[in-house]
Participant: 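What follows is a single structure, and I will ask about it in a moment.
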Amino acid sequence: MTDHESWLIRGVTIAGSDARTSILLDGGAVTGIGPDLDHPGARILDADGLIALPGLVDLHTHLREPGREDAETVQTGTAAAALGGFTAVHAMANTDPVADTAGVVEQVWRLGRAAGHCDVQPVGAVTVGLNGTRLAELGTMADSAARVRVFSDDGRCVADPLLMRRALEYVKAFDGVIAQHAQDPRLTEGAQLNEGEMSARLGLAGWPAVAEEGIIARDCLLAAHVGSALHICHVSTAGSAEIIRWAKSKGWPVTAEVTPHHLLLTDELADGYDPVFKVNPPLRTADDVAELRRALADGTIDCVATDHAPHPVEAKETEWSEAAFGMTGLETALRVVQRAMVDTGLLDWAGVADRMSVRPARIGRLTGHGVPLGPGAPGHLTLYDPAAPATVVTPDGASKSRNTPFAGLELPGRVVATFLRGVPTVLDGKLT
Ligand SMILES: [Zn+2]
């Protein structure tokens, strides 16, 4: 017997390899990988046919606490994350109160540690109250116990170019990054869905691609000018991908994410006026989806981030124009990525590990996560069954909210187990 929990995962295939092997987790870390491992006292997990990925990392989660505990709490949101194979999430700052002080980011950080389902890294607001007029105390949030490195007004755009410049300048001192929700506010006043044939048909105000692309182009130029890191949230248009490709070709410090829903769904779903498909930025066209997939495959877009945005029933089951923007996504992300990227031949499992763990951890300055599985790596890993029979998504998960756009859709794959510091948070698809 050992004096602490150890696990021997047998018959598993590590993403990026073809051979079956065993992984030994002991003392919170990966201590061995090889076909003939043995460890007296270790618990055995038979992982025949399963793929092991380094624990998934989400750069963009709305946990809603403090303030909107009717939609989600740190407890329920991190449970949903663990069930989706995540071992770390970045919690967005648009809570109530806004996470714009050391006090609030430390509160979220402590709630994450108490919940224990996955690590919670708070994101700090760029501007006080997300009001877009005055820089928040970025330095004190960076120095706090939460050690904030990613700052975002997500939900709103930092529209003022001078304020954006100042924010980029400020975070350079401690290797921070500004994550921009790219949306020109004037070009999207009253916007309800993608501007195009569908918005014209439904008679709803359109959200034009140029409102995203214009801000992204401006901010890439600012990031280059200042020499500071810009991350672009939820890229949704083909033109945005093209601008980012151009910025990267210049060697500028720009990274980007795409959501699972923008990799799979289109604005045609708005046809029935069901607000479950209302999201910001909006679902776009099939051509945009195809280009976003290509850009994620070739690395122009660095990573997948869920933009998990839970809302209570009353905020979504209402008229389209009154409904809240946003969709849940933590529990389905990996399955959607399998369908959109792996089953289409665009990405292999090593690529998925890179786009859903290694790169998001690097962009989020999250040390100890996103480490490829090997001896000495932290014991954060996800066991996934890509050959599990496709099942219909139901809205009843661990999230407190039910606004999944994938409900009723058949998706492949199943997250079988998630390990955080060598201890399972999920086993046999259920919370431990
Ligand atoms: Zn956003």
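Atoms within a ligand are numbered from 1 in the order they appear, just like the ligands themselves.
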Participant: Could you tell me if R147 sits above the aromatic ring of W109, with its cationic atom closer than 6.0 Å to the ring centre and no more than 45 degrees from the axis?
Facilitator: no
Participant: Is there side-chain contact between Q338 and Y384, with at least one heavy-atom pair below 4.5 Å?
Facilitator: yes
Participant: Does E69 CD have over 12 foreign heavy atoms under 6.0 Å away?
Facilitator: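 Yes - once you tally the heavy atoms of other residues, nucleotides and ligands closer than 6.0 Å, there are more than 12.
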Participant: Within the 3.5 Å criterion, strictly below it, is a donor on E5 or W7 matched to an acceptor on the partner's side chain?
Facilitator: yes
Participant: Quick one: salt bridge (charged side-chain N to carboxylate O under 4.0 Å, His left out) partners of E189, sequence neighbours excluded?
Facilitator: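 Scan of E189 (salt bridge (charged side-chain N to carboxylate O under 4.0 Å, His left out), adjacent residues dropped) gives R186.
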Participant: Excluding waters, which protein N, O or S atoms are within less than 2.8 Å of the Zn ion (ligand 1)?
Facilitator: D154 OD1, H181 ND1, H234 NE2
Participant: Run through H262, H60, H261 and flag the one making a ring-ring contact (aromatic ring centres under 6.0 Å, His included) with H234.
Facilitator: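 Answer to the ring-ring contact (aromatic ring centres under 6.0 Å, His included) test with H234 among H262, H60, H261: H60.
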